[in-house]
Protein chains: 2
Amino acid sequence: MTRTMQRQVTPPRIKRRALSIPAEFDSDPVVWAAWLYYEEGMTQEEVADQLGVSRASVVNFLQEARDRNIVTIAVSSRHLQTIGLAREVADAYGLTNCLVVPDDGGRLPVHERIGMAGARLLIERLQPDDVLGVSWGRTVQALSTALPEMKLPGVTVAQICGCSIGTTEFSPELCTSNIANRLGARCVNLHAPGIVSTAQIKRLFVQEPALVETFKIIHKSNKVLFGVGSVDDAGTAMRSGYMTPEKIAPYLARGAVGVVSGRFIDRDGKPLLGALDNQMIGLTLDEIAKVPERICIAGGSDKVDAVYAALNNNYATILVTDVATARSLVPRASRSSRTGAARRP
Amino acid sequence: MTRTMQRQVTPPRIKRRALSIPAEFDSDPVVWAAWLYYEEGMTQEEVADQLGVSRASVVNFLQEARDRNIVTIAVSSRHLQTIGLAREVADAYGLTNCLVVPDDGGRLPVHERIGMAGARLLIERLQPDDVLGVSWGRTVQALSTALPEMKLPGVTVAQICGCSIGTTEFSPELCTSNIANRLGARCVNLHAPGIVSTAQIKRLFVQEPALVETFKIIHKSNKVLFGVGSVDDAGTAMRSGYMTPEKIAPYLARGAVGVVSGRFIDRDGKPLLGALDNQMIGLTLDEIAKVPERICIAGGSDKVDAVYAALNNNYATILVTDVATARSLVPRASRSSRTGAARRP
DNA sequence: CGAGACAATTGACAATTGTCAACTCAGTGT
DNA sequence: ACACTGAGTTGACAATTGTCAATTGTCTCG
């Protein structure tokens with residue numbers, strides 16, 4: 001979602017005489033245009049003259065250069081962390097990192113903005129031999145589509161909870177494979193339903209050699225990426241056919257405030273175990289909590305309670321959220337939250 | 001040398017009412033502006049409204065964001081290698097990499113353009129524990145100023161040839177420390193003249209414990225960066241007081257065509273050893289040739305002979321040059337050069 | 001060989017962005 | 001108190017950039 005530009009035509013009349021020796025067959029004009037424009041700071045018209053094409057074509061070339069990742073325009077996530085609010089949240093909840101995406105006046109939905117920032121953060125943090133466990137949800141899905149195409153062959157992306165049955169636009173398997181594809185990473189899908197009908201069937205599944213192998217990889221995750229669902233609304237989990245109201249009811253009755261990777265948590269973030277849990281296939285909350293780096297991407301006013309709970313129980317080491325959510329989060333923090341973070345001198 | 005932009009003022013009249021909750025004290029408006037503009041693709045006017053400032057201020061913020069490296073606009077060097085010409089040169093001379101910077105119609109001098117591309121390449125290639133040996137010259141100097149500010153604390157930048165006496169704008173010690181500073185790397189200077197008056201004095205210097213220590217580090221270089229000087233013109237080496245015409249004369253007489261890191265080479269690239277060599281303090285050509293990755297940055301019609309010689313004797317594993325030089329280089333190559341590189345389908 | 005289809009390129013126009021001199025406002029010195 | 005300085009901001013204007021429909025070129029097929 002970089003700058004929007006497209007094509008155009010050149011205005012000047014001194015055209016058509018290629019200045020130097022440009023129009024040879026030994027170069028990709030797109031690369032040239034990108035270099036001259038972005039690196040040397042030429043104007044599009046100058047580039048057009050240099051290349052011997054119309055300025056409109058230059059616009060096209062530049063567009064293509066961005067699409068092909070020949071030029072990269074990136075806001076470094078490190079700087080989004082320098083925003084005072086991000087520091088306050090990080091301090092308050094003991095996070096190693098916190099990204100707060102600015103408000104854009106409702107231009108883009110929250111989950112998309114958070115997805116974009118999360119994408120940026122993710123590619124800056126991934127190391128060659130990482131195994132990234134991926135949960136699912138609207139925000140995770142948004143992150144996956146915001147990722148640029150890359151080549152990170154050493155990385156593995158693993159699906160940490162079973163598949164959903166419904167056919168919404170997002171699902172665990174789609175999130176995972178999308179991310180892996182964009183990243184050029186190995187993709188490990190968990191080929192099993194997220195929820196099976198009985199605890200016994202779950203046991204059967206889990207003992208299946210193919211799944212055992214898959215789980216071996218999943219358990220090697222040194223980073224996890226997950227969203228947080230609320231239970232107030234009809235929630236992601238239900239809309240996607242992952243759960244049904246009847247199944248959820250007992251959890252709600254016992255005080256569930258949110259869903260992390262398909263599992264319910266109470267207001268303190270404690271796992272809320274119930275009958276359903278024995279039918280769920282995927283990493284448990286305790287297992288997730290053991291992964292060294294845990295990236296939580298979530299925001300929106302309806303999710304504040306759930307995010308607060310999740311943070312409170314330290315499920316996340318890194319949080320990507322939006323301004324409004326961050327603002328609600330700070331005063332709630334159990335520890336001392338410092339007011340008035342450092343401003344520029 | 002990214003896009004040129006500066007400050008400005010906003011045109012619309014619907015201003016001054018901050019749309020959401022932007023003007024709080026918890027954020028750096030520069031980061032916000034950068035995010036909204038570059039990441040979300042808002043127009044500057046929209047950003048201005050969102051932030052509650054004039055559009056002119058937004059222009060200023062964006063300028064500052066680029067200056068502060070909050071946004072990075074980069075042409076990936078990998079793509080400069082995809083230019084057919086670069087491949088031809090690489091093939092012809094057995095290089096692992098070759099970058100060819102496009103012609104810009106004389107807008108910027110060759111060495112600056114090459115320096116920019118070299119800078120890009122360098123930061124993409126440097127690994128955490130690298131020791132980078134740095135020679136000197138106009139192009140190396142240009143590279144150093146084209147580097148962005150970074151933090152690469154694990155990297156060491158070492159000066160591989162002694163200091164010059166003159167006070168030109170560039171010198172071995174300046175090149176090295178410039179590069180180290182920009183990169184946020186450790187800087188190891190070689191505190192000795194590049195040329196001393198007698199071979200005996202050189203021996204004394206080199207045995208000095210402080211220098212012995214320095215050389216230990218220098219010899220650990222796993223990457224080197226050097227330019228190539230011609231001897232046709234009055235050359236860098238002389239203008240900087242590094243050498244004098246009398247000293248050079250014997251080398252010229254014996255067929256010197258170029259200078260690499262202060263040492264003369266003949267038309268086959270062979271080191272041309274003479275009286276002076278025993279008075280030079282710094283890595284020898286043979287020592288340089290043993291470094292695994294050797295980045296040569298050089299171009300310009302006056303240097304073609306010298307670059308050809310250097311490439312011919314395999315001093316470089318990576319070459320950064322300009323189109324004109326690359327064009328001259330290809331037909332000279334001793335091996336089979338393939339004509340007509342791949343075009344886009 | 002011409003018609004048709006499709007992609008690339010272009011010029012005119014509209015929108016966005018950069019420049020600049022003037023202005024505001026805090027802080028200072030007298 | 002008041003003029004002065006300097007940083008930060010602004011509006012009007014100029015330059016640059018994006019859009020789009022029309023044109024051109026290329027390739028395929030009849």
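Throughout, a chain's letter reflects where its sequence line sits, starting with A, and its residues are numbered from 1.
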Starting from [atom2] on [N], measure out to [atom1] on [X] and report it in whole angstrom.
| X | N | atom1 | atom2 | value |
| --- | --- | --- | --- | --- |
| B:Asp49 | C:dT16 | CG | P | 12 Å |
| A:Glu45 | C:dG18 | CD | P | 16 Å |
| B:Phe61 | C:dT17 | CZ | C1' | 16 Å |
| A:Met42 | D:dT17 | CE | P | 12 Å |
| A:Tyr38 | D:dT16 | OH | C1' | 13 Å |

Between [X] and [N], does any side-chain N or O lie under 4.0 Å from OP1 or OP2?
| X | N | answer |
| --- | --- | --- |
| B:Thr43 | C:dT17 | yes |
| B:Tyr37 | C:dT16 | no |
| A:Gln44 | D:dA15 | no |

Between the main-chain N or O of [Y] and the side-chain N or O of [X], is there a donor-acceptor pair closer than 3.5 Å?
| X | Y | result |
| --- | --- | --- |
| A:Thr139 | A:His111 | no |
| A:Gln50 | B:Asp103 | yes |
| A:Ser54 | A:Ser57 | yes |

Identify whether the distance between the nearest side-chain nitrogen and carboxylate oxygen of A:Arg113 and A:Asp104 falls below 4.0 Å.
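Result for this pair is yes, salt bridge flagged.
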Let's see if you can work this out: which of D:dT16, C:dT9, D:dG18 has an atom nearest to the side-chain heavy atoms of A:Ser57?
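The answer is C:dT9, which lies nearest to the side chain.
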